[in-house]
Undergrad: 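Starting off with a structure, shown below.
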Amino acid sequence: MILQELQSLEACRAQADAAWQLMERLYPICRSITGEGVRKTLDAVGELIPLQRTEVPSGTPVFDWEVPKEWNVREAWVEDPNGRRVVDLQNHSLHLMSYSTPIRATLPLAELRPHLHSLPQNPTWIPYRTSYYKEDWGFCLAHDELQKLQDGNYRVCIDSTLQPGHLTYAECVVPGSSEQEFLIFTHVCHPSLCNDNLTGIALTTLLARHLLQSKPRFTYRFVFAPGTIGSIVWLARNEAHVDRVRHGLVLGLLGDRGPITYKRSRRGQADIDRIAAYALKSGGHASRLIDFSPYGYDERQLCSPGFNLPVGRLTRTPNNEYPQYHSSADDFSIVDRDCLAESLRTCANIVSIADRNDRYINLSPKCEPRLGKRGLYRLTGGAHPGEFEHALLWVLNQSDGSASLLDVAERSGLSFAAVAAAADALQNVALLRPAEPAQSWSTA
Ligand code: ZN
């Protein structure tokens, strides 16, 4: 099985440190759905894994949408009547509403006030606000700071551009022995927010880096794209190839202290849904399964009825279900290294099972074949068989071409690793052959 090096929590902790470093580097960048922030983010990821970058021109039609104008910003601030900068993008990338149009003006507080966003319930946090599809401008600040503003004239500067450019996304493809694909999607459009979206970017990068060192069966395609419009663009450009997608996962929000949560695909009973459920149940940590809903991240597009791809979503606490969500309090303090490590191990576990979940044919199906003479079964009778011997018997019994190794593991209560090891051993002594010929694997 692949990714065995990520099956221990100890090994994943070292990887969590690497994820943390990448997140620290990405945190200050002012990202949005287009622009230099996304490119700088992909530059940093591209130092760790090979990326193929795609730039799609503004105005390109993509299903019912079109690629938006590209947004970039150099500076943005508000000065109070005494010339003091009371809000400054330099101090936190959340201070500016994403996609704010340019402005230079002096305004009385009453006119400025509708453009200032805060969170009265959590008066020290800066909210995260966007205005991608309606041209507008705004600043976000702590409610406590907003309350302190005195009447008078305020100077406002947003030195931004919103003009024809490109939407940028990138892919890392890890070739497998098959052209069938395992698709992994993560969004790269949030500014200084830690759990929601830096943990997803970092763990996706590390998972890709490990798969590049392995020899997987599936071809793995990692897509780093802005949320929603990025997956719409990707689907529009790859519509002819999506029948290659055998499994998929949307990854994000993987570092908080909540239980690991798998959201089923729209199909509900796709192989990925069963594999993820098994990985969570056998993972030895708190977890939960939730059903598909057309709300969340890029599963909304990937599981839209015209595609209905077998793609689930792995998070810890889902979007909008923790108080710090989409605010400056989604920072490093709510991310835990052990939780990151556990999330990575879960991803690796799902991938390794999916990559090995074959069906087999027993080549000696009439009564049990003699395993002792093939060196697979201890010759001394009487002792209760161990896990491996049990696994041999289960795999032989169930291998009529209909049961996958996951079916065998679930029905027997044995670990997937033991069942897979038994299948390897039985193949080595020619008692088993794959139910699907190797050729069917290599043609989509
Ligand atoms: Zn978000």
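In listed order, ligands and their atoms are each counted from 1.
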Undergrad: When you measure from the Zn ion (ligand 1) to each N, O or S atom of D196, which atom gives the shortest distance?
TA: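 Nearest N/O/S atom of D196: OD2.
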
Undergrad: Do L212 and P50 come close enough that some side-chain heavy atom pair is under 4.5 Å?
TA: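 Side chain of L212 against side chain of P50, heavy atoms only: contact under 4.5 Å found.
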
Undergrad: At less than 2.8 Å, would any N/O/S atom of Y297, backbone or side chain, sit next to the Zn ion (ligand 1)?
TA: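 For Y297, the answer is yes, given that an N, O or S atom comes within less than 2.8 Å of the Zn ion (ligand 1).
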
Undergrad: Do the side chains of H166 and T34 get nearer than 4.5 Å, heavy atoms only?
TA: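 No, too far: nothing below the 4.5 Å cut-off.
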
Undergrad: Taking atom types as modelled, find out whether N357 and Y278 have a side-chain donor-acceptor pair closer than 3.5 angstrom.
TA: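 Distance-only check fails for N357 and Y278.
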
Undergrad: Please confirm if an N, O or S atom belonging to H187, backbone or side chain, lies less than 2.8 Å from the Zn ion (ligand 1).
TA: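 Given the 2.8 Å cut-off, H187 does not count as a ligand of the Zn ion (ligand 1).
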
Undergrad: Can a donor-acceptor pair be found between the side chains of S231 and D298 at a distance below 3.5 Å?
TA: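 Side-chain D/A pair, S231 to D298: present.
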
